[in-house]
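Below, chains carry the letters A, B, ... as their sequence lines are ordered, and counting in each starts from 1.
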Amino acid sequence: MLTNIPHHDIKTSPMASERYNAPAREKHWQKAWEAGDIFRAENDAQKPKCYVLEMFPYPSGRIHMGHVRNYAMGDVFARYKRAKGFNVLHPMGWDAFGMPAENAAIERKTHPAKWTYANIETMKGQLKSMGLSLDWSREIATCSPEYYAHQQQIFLDLYAKGLAYRKSSKVNWDPVDNTVLANEQVIDGKGWRSGADVETRELTQWFFKITQYSDELLSALSTLDKWPEKVRLMQANWIGRSEGMQVRWKLESKGAPKGFKDLEIYTTRPDTLYGAAFLAISPDHPLAKARAEKDKDLAAFCEECRRLGTSVADLETAEKRGYDTGLRAHHPLDKEWMIPIWVANFVLMDYGTGAIFGCPSGDQRDLDFAHKYDITFQPVILPAGADPATFAIKDKAVDGDGTMINSYDLDGLTPKAAFEKVATRLETEMLGKEPVGERRVNYRLRDWGISRQRYWGCPIPVVHCKTCGVVPVPGKDLPVKLPEDATFDKPGNPLDRHPTWKHVDCPSCGTKAVRETDTMDTFVDSSWYYARFTSPDAKTPIDAKAAAYWLPVDQYIGGIEHAILHLLYSRFFYRAMSDAGHGSSNLREPFGALFTQGMVTHETYKSSGGAWLLPTEIRFDGEGDTRRATEIATGKPATIGSIEKMSKSKKNLVDPDDIIAHWGADCARWFMLSDSPPERDVIWTEAGVQGAGRYIQRVWRLVDDIGGRVPGKIDTRPAQFGPDALDLRRSAHKALDAVGRNIEGLRFNVAVAQLYELTNALQAATSKSSDGMDWAMREAAEILVQMIGPMMPHLAEECWARLGYNTLLANAPWPAADPALLVDDEIVIAVQVNGKRRDELKIARAASQSEVEAAALRLESVVRALEGRPVRKVIVVPQRIVNVVV
RNA sequence: GCGGACGUGGUGGAACCGGUAGACACACGAGACUUAAAAUCUCGAGUUCGUAAGAGCGUGCGGGUUCGAGUCCCGCCGUCCGCACCA
């Protein structure tokens, strides 16, 4: 790597005493970095590696403030790590497949590829204007055949391993995007992208077998100690592990459809089995379907359940309904006891076995159902403290702990003990050739449906042949490229109606066959891009050696909205890829550390007519309570609304380009890092930007002043420093120590505050005279500039040059704090009387406990507070506090 | 309904492991410079009482542990987020 080569084009602004012209100087420094190619990562460096990654953007057209915040944070970390001597990989790419490109094709009659690549061009320019330390040589666009060829290869390898398969199932259908959605992509019954009410349809679809990894994905969460607890919890809940039993109930032969001898249910509470009042099966259960053939009313009921459930939102509010099939089953613990079998609309076919036993006393749903259909039942758990003589269930089921009652041999046991007793008994009893009950772990997680009926996605590389069935496209024929001449003028899948593309000869038997016209969910694209970045030119999907060197990602930064979708898919895909032979098998987690940053928010404005207005369409008068907004175009008053996430629909947007053109990228970056903790939302305000802009000028003036007074390094360090010079040195080294730790911990707002503090101290020092002050000021100025480097890299380069360097600051190593300057000789400790602070005490750091105690008791304010009462005890916490107890 | 996070001045927020609450910034007020404004610089400020010195009260509310609680424990209230017929 090129380090610290003298750079010929480095010079300070022509008139150094003028205001710092950020937009002009920023372009200059960006060119200097680019000319030196200094952010290129090497795959075989001897230095320790650090892979810093921000979630790559969708090329929607322009970057927004959320991107600025995300990439500013990642850049601080990347630049800091580079300065700390790491071989840093900090790449950027484009999540380039997806619906908006296709919508643009429909609306503007431009091809999705053309639209996408034009957007990439624009956004790349915008990102470059931010001054990010990115290695652009590794740029990836997921829509390029070079990328998706490898994805198709991975798909085929997963298919060969049985990790990709096809099945017919109920799917979530988005009627606006005209495509299916995975469960994770349905939020509150609406499509995650379109916001449309999702419907249920039966379709044959491609799936990835994520459920094969349920247990691993869950248990490995505990190893992700550098992930937010919140995200781990959300994933754990999503995977939804439950321990229970599968229990067979012998059907009463009378009336049972042919071939049905028993009914298998799933329960997590076998302890409450004596509380069973009914069995309930899904309308889609085979037994329901078989019975419906002979029972017209039942058939109608099942049909109604299905029809009612077209929208997921409806399903969730639908009332509990059931139909008594007339069938009966023998209770597994008491063969003489007959339990009725119902079909119920709230039983899901694809969870457990699609059949349950209803225990009304312990489950609210079952209780509601029993009340509605007058099914009698007995409570089986007596809560602690309840009176057995009067205890009864009314409208509320009781699902807490307690003592078993009305349960024969289980009476008096705890539910836990009863669970074990029942489980052991049912495991050993046989029904036919199989045990009555088996312990079973169930997961809420379903397989990941990846089929999308869209054009702008990675084609699924298989062919459907009448004789051979599903035939993978041979490796030599990859990639299966998207046809460029698709049409977008009508709804539906352009691939499916393309006149020639889908018609091919079967790779196996040579007869006429058709291509799969589904494309992959774009979340597949983003499930492995981080791995491709480690070897973007490899002939195979990933180069095992490069992946082993770089992965896992050392710091991943992105939005919380991907807590489940992208992050769970990536954790699965990385494992699946590895198990299918790509990369090393012992690397299971792609992201070692995860940080989820908050959103960027802004005030909203409405015109007198009620239309949303852009901040740039408003003029403000007054301050505080008297602040008023006026619509510039009409001169009419406008309303100032609540603070919301920046969005196109509410028009509360600030364009990063405008900010960068006017204030500079450093200003935008600094604002994003100041004040708000990075995981929380930040409110973008004009006052805040101005504050950041003021600080930039202040730093420049200060460094300019010092650079003028002490133009070069003073070779010999003074042997003696006066008190003020020593104070300044202490401030600088303390800040250095603290800022490093805070950047490391991503506490940027705290680091920023410490930089302000050092700036204040340095500024104050310029008007003081003290032995060695010139040397101390230069030292402090250099330290300040170096610490500003990761956050405001352009300003820092400018200052670095002003301090006389003709090398790039971006290549300079991070300075080391002098431990001797981190501790003070004299410290101030607080003195309390009875826990109440009364005074403070300035004393030598080395003072003994008894010296501190004596000094504290001598304080006038302490004597006064004692009011002559005898001192009972004195607590001295070294270097912190003294508490006098009376 | 279940699970989780959070609650600190006018505002954003700081406070390591229980040890001086309010760092730093924004907004505000006063002053300096200026013909004036902008810019910049200096000073002030949690709140109540007091001319002041000082004292009382203060981290959503109520209790507790402790020499000492923003921090730990118990119970409420509020805000935000995630999940939700998952048997």
Side-chain angles (χ1 to χ4, degrees), chain A residues 19 187-188 228-238 240-242 244-245 265-269 272 280 315-320 344-348 350-359 362-366 368-369 396 399 442-446 560-561 563-564 623-625 627 671 674-677 679-683 685-688 690-692 694-695 697-698 701 738 741 747 749-760 763-764 767 828-841 861 864 872-886:
Chain A
R19 286 173 64 80
I187 295 152
D188 290 334
E229 183 61 34
K230 182 186 166 76
V231 174
R232 291 193 287 166
L233 198 80
M234 279 166 75
Q235 291 210 355
N237 289 340
W238 190 265
R241 183 181 198 272
S242 67
M245 289 201 86
I265 59 104
Y266 177 73
T267 178
T268 55
R269 299 297 301 270
T272 63
L315 254 178
E316 280 166 10
T317 51
E319 67 167 326
K320 282 153 201 50
N345 65 345
F346 62 87
V347 181
L348 308 173
D350 53 359
Y351 184 78
T353 61
I356 60 158
F357 82 86
C359 176
D363 183 302
Q364 192 60 45
R365 228 175 8 193
D366 296 345
D368 295 345
F369 192 81
K396 275 228 175 305
D399 58 0
N442 240 314
Y443 298 90
R444 207 186 76 109
L445 183 68
R446 311 290 158 76
I560 186 76
E561 66 272 22
I564 294 172
E623 303 280 357
D625 292 344
R627 187 161 164 268
F671 178 85
S674 318
D675 287 351
S676 293
E679 69 278 8
R680 273 192 233 171
D681 291 353
V682 64
I683 306 169
T685 60
E686 182 65 16
Q690 284 170 4
R694 268 201 303 274
Y695 179 68
Q697 296 302 335
R698 210 177 128 210
R701 271 197 312 275
R741 275 184 285 115
R747 292 178 294 270
N749 58 322
V750 185
V752 163
Q754 283 151 346
L755 290 173
Y756 272 116
E757 250 174 309
L758 178 57
T759 310
N760 292 345
Q763 188 161 349
S767 59
V828 177
I829 58 179
V831 182
Q832 299 178 329
V833 176
N834 273 354
K836 189 159 293 205
R837 180 178 167 276
R838 291 294 166 180
D839 208 339
E840 52 186 39
L841 183 65
S861 50
R864 197 175 346 118
R872 209 167 54 165
K873 196 159 124 191
V874 178
I875 290 155
V876 179
V877 180
Q879 290 159 45
R880 283 201 187 272
I881 207 163
V882 179
N883 191 5
V884 182
V885 186
V886 297

Taking A/Asp366 for the side chain and A/Cys359 for the main chain, is one N or O donor matched with an acceptor at less than 3.5 Å?
yes

In whole angstrom, give the distance that lies between atom CZ of A/Arg232 and atom P of B/C81.
23 Å

Who pairs with A/Glu840 by salt bridge (charged side-chain N to carboxylate O under 4.0 Å, His left out), at least two apart in sequence or on another chain?
A/Arg837

Check every strand shown and say whether A/Val682 touches a base, only sugar-phosphate, or nothing at a heavy-atom separation below 4.0 Å.
nothing

To the nearest Å, give me how far apart CZ (A/Arg837) and P (B/G56) are.
12 Å

Tell me if B/G63 is syn or anti. Syn = glycosidic torsion within 90° of 0, anti otherwise.
anti

Can you see which heavy atom on A/Tyr443 is nearest to which on A/Tyr351, and at what distance?
O-CE1, 3.4 Å

I want to verify the glycosidic state of B/C17; is it syn or anti under the 90° rule?
syn

A/Ile564 atom CD1 is separated from B/G82 atom P, nearest whole Å, by 10 Å

If you measure from the C1' atom in B/A45 to the same atom in B/G22, how many Å do you get, rounded?
12 Å

Where the side chain of A/Arg365 is concerned, which of B/A25, B/A87, B/A27 is the nearest nucleotide?
B/A87

If you look at every strand shown and take non-hydrogen atoms under 4.0 Å, does A/Ser674 touch a base, only sugar-phosphate, or nothing?
nothing

Regarding A/Glu840, tell me which of base, sugar-phosphate or nothing describes its non-hydrogen contacts under 4.0 Å with the strands shown.
base

Rounding to a whole Å, what distance do you find between A/Leu348:CG and B/C83:P?
17 Å

Output the single nucleotide from B/C24, B/C67, B/A87 whose closest atom is nearest the side chain of A/Tyr351.
B/A87

Would you say A/Ile829 and A/Val882 make side-chain contact, with heavy atoms under 4.5 Å?
yes

Give me the distance, rounded to whole Å, that separates B/U11 from B/G46 when you measure between the C1' atoms they each carry.
13 Å

Looking only at B/C67, B/A25, B/C83, the nucleotide nearest the A/Tyr756 side chain is B/A25

Applying the Watson-Crick and G-U wobble criteria at under 3.5 Å, what pairs with B/A87? Answer none if nothing qualifies.
none

Side chain to side chain contact (heavy atoms under 4.5 Å, CB included) evaluation trace for A/Ile356 with A/Phe346:
CA-CA 10 Å; A/Ile356 60 158; A/Phe346 62 87; 4.0 Å; yes

When rounded to whole Å, the CG to P distance for the pair A/Asn834 and B/A55 reads 15 Å

Would you kindly give the CG-to-C1' distance between A/Asn345 and B/C85, to the nearest whole Å?
9 Å

With rounding to whole Å, what would you report as the distance between B/C77 and B/U66 at their P atoms?
28 Å

Mark up nucleotides 3-19 of chain B, 5' to 3', with B wherever a protein heavy atom is under 4.0 angstrom from a base atom, S wherever such an atom reaches only the sugar-phosphate, and - elsewhere.
SS-------BSS-B--B

For RNA chain B, whose closest nucleotide is more 5', that of A/Arg872 or that of A/Gln690?
A/Gln690

Within this structure, what is the NZ-to-C1' distance between A/Lys836 and B/A21, rounded to whole angstrom?
15 Å

Side chain to side chain contact (heavy atoms under 4.5 Å, CB included), that's the test. Do A/Asn834 and A/Val885 meet it? Break it down for me.
CA-CA 5 Å; A/Asn834 273 354; A/Val885 186; 3.8 Å; yes

Picking from B/C67, B/A23, B/C83, which would you name as closest to the side chain of A/Ala753?
B/A23

On a heavy-atom basis, which atom in A/Ser676 and which in A/Asn749 lie closest, and how many Å separate them?
O-CB, 3.6 Å

In the 5'-to-3' direction, what one-character label does each nucleotide of nucleotides 38-49 of chain B receive under the scheme B = base within less than 4.0 Å of a protein heavy atom, S = sugar-phosphate only, - = no such atom?
--SS--------

For A/Arg838 and B/A55, is the shortest distance between a side-chain N/O and OP1 or OP2 below 4.0 Å?
yes

Between CD of A/Glu229 and CZ of A/Arg232, what distance do you get to the nearest 0.5 Å?
4.5 Å

Rounding to the closest angstrom, what is the interatomic distance between B/C26 and B/C74 at atom C1'?
39 Å

Pick the P atom in B/G70 and in B/C86, then give their distance to the nearest Å.
43 Å

Expressed in whole Å, how much space separates the P atoms belonging to B/G13 and B/G7?
10 Å

Under 4.0 Å, heavy atoms only, any strand: does A/Arg241 hit a base, just the sugar-phosphate, or nothing?
nothing

Which part of the nucleic acid, if any, lies within contact of A/Asn760, taking any heavy atom under 4.0 Å across all strands shown: a base, the sugar-phosphate backbone alone, or nothing?
sugar-phosphate

Answer with base, sugar-phosphate or nothing: what part of the nucleic acid does A/Val874 contact at a heavy-atom distance below 4.0 Å?
nothing

So how far is it from A/Arg241 CZ to A/Leu445 CG, rounded to the nearest 0.5 Å?
13.0 Å

What interatomic distance, in whole Å, is found between C1' of B/G64 and the corresponding atom of B/G18?
15 Å

Rounding to an integer number of Å, can you tell me how far A/Met234 CE sits from B/A84 C1'?
14 Å

Hey, are the side chains of A/Lys230 and A/Ile560 touching, using non-hydrogen atoms and a 4.5 Å cut-off?
yes

Could you give the distance separating B/A84 and B/C16 at their C1' atoms, to the nearest angstrom?
40 Å

Are the side chain of A/Asp839 and the backbone N or O of A/Val831 linked by a donor-acceptor pair below 3.5 Å?
no

Answer with yes or no whether the side chains of A/Ser674 and A/Tyr695 bring together a donor and an acceptor at under 3.5 Å.
no

B/C2: pairing nucleotide in any strand, Watson-Crick or G-U under 3.5 angstrom:
B/G82

